[in-house]
Amino acid sequence: MTIFQNMNITSSALTANRLRMDVVSSNMANAETTRGTYVNGEWQPYKRKMVVIQSDRSPSFSSLLHSEINKSQNNGVKVTDIVEDDTPFNLVYNPMHPDANDQGYVQMPNVDPLKEMTDLISATRSYEANVTVFNTNKSILTKTLEIGK
């Protein structure tokens with residue numbers, strides 16, 4: 001393990017959690033957007049988006065060749081995709097809305113503010129924990145350099 005590998009792992013988690021917070025913000029901002037995408041000749045409401053995160057441990061030929069050396073090596077996390085939630089849209093009765101159907105119902109986005117706030121708190125706590133790890137690692141490296149003085 002290199003001296004800066006912990007910082008690289010932590011910084012990848014910081015980046016991933018920052019993206020999670022951005023996606024939650026986008027979901028909350030579009031919670032009332034009835035015209036999100038144009039599909040098959042009609043407007044569809046905004047669809048909730050979710051971030052897919054996985055380990056950034058992609059086996060290369062070199063790592064497989066030296067598998068005993070690389071067993072404990074981890075490269076952090078990476079965002080592999082941002083997917084749309086396939087839960088059905090919410091129907092709200094509002095016959096005065098311009099996007100209401102013949103029965104007076106409007107398809108609203110499948111964004112649940114409670115879920116979004118839970119995701120935001122989770123991403124924020126993960127971000128804060130990784131900042132603490134990064135600062136602790138930085139402090140350890142600084143103290144290590146001071147030993148040589």
Side-chain angles (χ1 to χ4, degrees), residues 1-92 94 97 99 105-149:
M1 181 178 270
T2 67
I3 193 167
F4 294 110
Q5 189 168 2
N6 286 338
M7 290 180 138
N8 290 338
I9 292 169
T10 304
S11 65
S12 72
L14 287 170
T15 303
N17 283 307
R18 174 57 193 226
L19 182 61
R20 283 179 62 198
M21 288 187 274
D22 289 345
V23 168
V24 167
S25 297
S26 174
N27 288 342
M28 289 297 286
N30 288 295
E32 300 289 324
T33 304
T34 57
R35 295 184 184 190
T37 55
Y38 196 70
V39 178
N40 297 332
E42 62 182 47
W43 286 100
Q44 295 290 317
Y46 175 83
K47 283 190 176 183
R48 177 178 183 253
K49 292 176 179 38
M50 299 174 294
V51 177
V52 178
I53 299 173
Q54 74 176 24
S55 173
D56 191 17
R57 188 174 187 165
S58 53
S60 65
F61 180 74
S62 170
S63 68
L64 291 173
L65 195 60
H66 302 94
S67 61
E68 286 302 315
I69 296 171
N70 291 329
K71 271 188 181 173
S72 65
Q73 195 173 31
N74 190 357
N75 299 325
V77 295
K78 66 178 176 180
V79 174
T80 57
D81 201 5
I82 297 177
V83 297
E84 291 182 342
D85 189 359
D86 288 332
T87 58
F89 297 120
N90 302 322
L91 289 177
V92 175
N94 186 358
H97 195 283
D99 294 326
Y105 287 96
V106 180
Q107 283 187 329
M108 297 300 286
N110 57 358
V111 176
D112 180 9
L114 186 60
K115 275 185 188 177
E116 299 306 318
M117 290 307 295
T118 304
D119 287 348
L120 182 61
I121 290 170
S122 172
T124 303
R125 296 286 190 251
S126 295
Y127 191 89
E128 290 171 352
N130 281 292
V131 166
T132 302
V133 169
F134 191 87
N135 288 334
T136 303
N137 193 33
K138 185 173 69 171
S139 175
I140 290 170
L141 290 175
T142 303
K143 294 291 183 188
T144 303
L145 290 173
E146 288 176 6
I147 290 172
K149 285 185 179 181

inquiry  = Applying side chain to side chain contact (heavy atoms under 4.5 Å, CB included) to Leu91 and Gln107, what does each step give before you reach the verdict?
reply    = CA-CA 5 Å; Leu91 289 177; Gln107 283 187 329; 3.7 Å; yes
ask   = Considering residues, nucleotides and ligands other than Glu32, do more than 12 of their heavy atoms fall under 6.0 Å from its CD?
value = no
ask   = OG/Ser126 to CD1/Ile121 distance, rounded to the nearest 0.5 angstrom?
value = 12.0 Å
request  = Kindly say whether Leu14 contributes a backbone atom to a donor-acceptor pair with the side chain of Asn130 at under 3.5 angstrom?
outcome  = no
query = Going by heavy atoms in the side chains, are Thr34 and Met108 under 4.5 Å from each other?
reply = yes
ask   = When you look at Lys115 and Asp119, which way does the salt bridge (charged side-chain N to carboxylate O under 4.0 Å, His left out) test go after all the steps?
value = CA-CA 6 Å; Lys115 275 185 188 177; Asp119 287 348; over 6 Å; no
query = What pairs with Tyr105 under ring pair (Phe, Tyr, Trp, His ring centres under 6.0 Å), at least two apart in sequence or on another chain?
reply = Tyr93
ask   = If every non-hydrogen atom of Asn27 is compared with every non-hydrogen atom of Lys49, which pair is closest and at what distance?
value = ND2-O, 2.8 Å
inquiry  = Using only atom types and a distance under 3.5 Å, with no angle test, would you say the side chain of Thr10 pairs donor to acceptor with the backbone of Met7?
reply    = no
request  = Check whether any side-chain heavy atom of Thr87 lies under 4.5 Å from a side-chain heavy atom of Arg48, and answer yes or no.
outcome  = no
query = Taking all non-hydrogen atoms of both residues, which atom of Val23 and which atom of Met50 are closest, and how far apart?
reply = CG1-N, 4.3 Å
inquiry  = Set out, in order, the CA-CA distance, both residues' side-chain angles and the distance that settles side chain to side chain contact (heavy atoms under 4.5 Å, CB included) for Leu120 and Met21, then state yes or no.
reply    = CA-CA 6 Å; Leu120 182 61; Met21 288 187 274; 3.9 Å; yes
task = Indicate yes or no: at least one non-hydrogen side-chain atom of Val111 is less than 4.5 angstrom from one of Asn30.
result = no
Minimum heavy-atom distance Ile53-Ala16, with the two atoms named = CD1-CB, 3.9 Å
request  = Would you give the length of the straight line joining atom OG1 of Thr15 to atom OH of Tyr127, rounded to the nearest 0.5 angstrom?
outcome  = 8.0 Å
ask   = At their closest point, which heavy atom of Pro109 faces which heavy atom of Asn90, and how far apart are they?
value = O-ND2, 3.1 Å
Which pairs would a plain distance check flag for residues 137-148, meaning a side-chain donor or acceptor within less than 3.5 Å of a matching protein atom at least two apart in sequence or in another chain?
unit_1	atom_1	unit_2	atom_2	d
Thr142	OG1	Lys138	O	2.8
Thr144	OG1	Ile140	O	2.7

query = What closest approach, in Å, do Leu19 and Val51 show between heavy atoms, and which atom pair accounts for it?
reply = O-CG2, 4.2 Å
request  = Verify, without hydrogens or angle tests, whether Asp112 (side chain) and Leu114 (backbone) share a donor-acceptor contact under 3.5 angstrom.
outcome  = yes
message = Show the nearest heavy-atom pair for residues Ala123 and Arg20, with the distance to one decimal.
response = N-NH2, 3.6 Å
ask   = Roughly how far apart are Thr37 OG1 and Glu42 CD, rounded to 0.5 Å?
value = 10.0 Å
task = Evaluate whether atom CZ of Arg125 has more than 12 neighbouring non-hydrogen atoms of other residues, nucleotides or ligands under 6.0 angstrom away.
result = no
query = Can you check whether Lys47 reaches Phe89 side chain to side chain, under 4.5 Å on heavy atoms?
reply = yes
Interatomic spacing from CZ in Arg18 to OG1 in Thr124 - rounded to 0.5 Å = 10.0 Å
ask   = For Thr118, does its backbone N or O pair with a side-chain atom of Ser122 as donor and acceptor, under 3.5 Å?
value = no
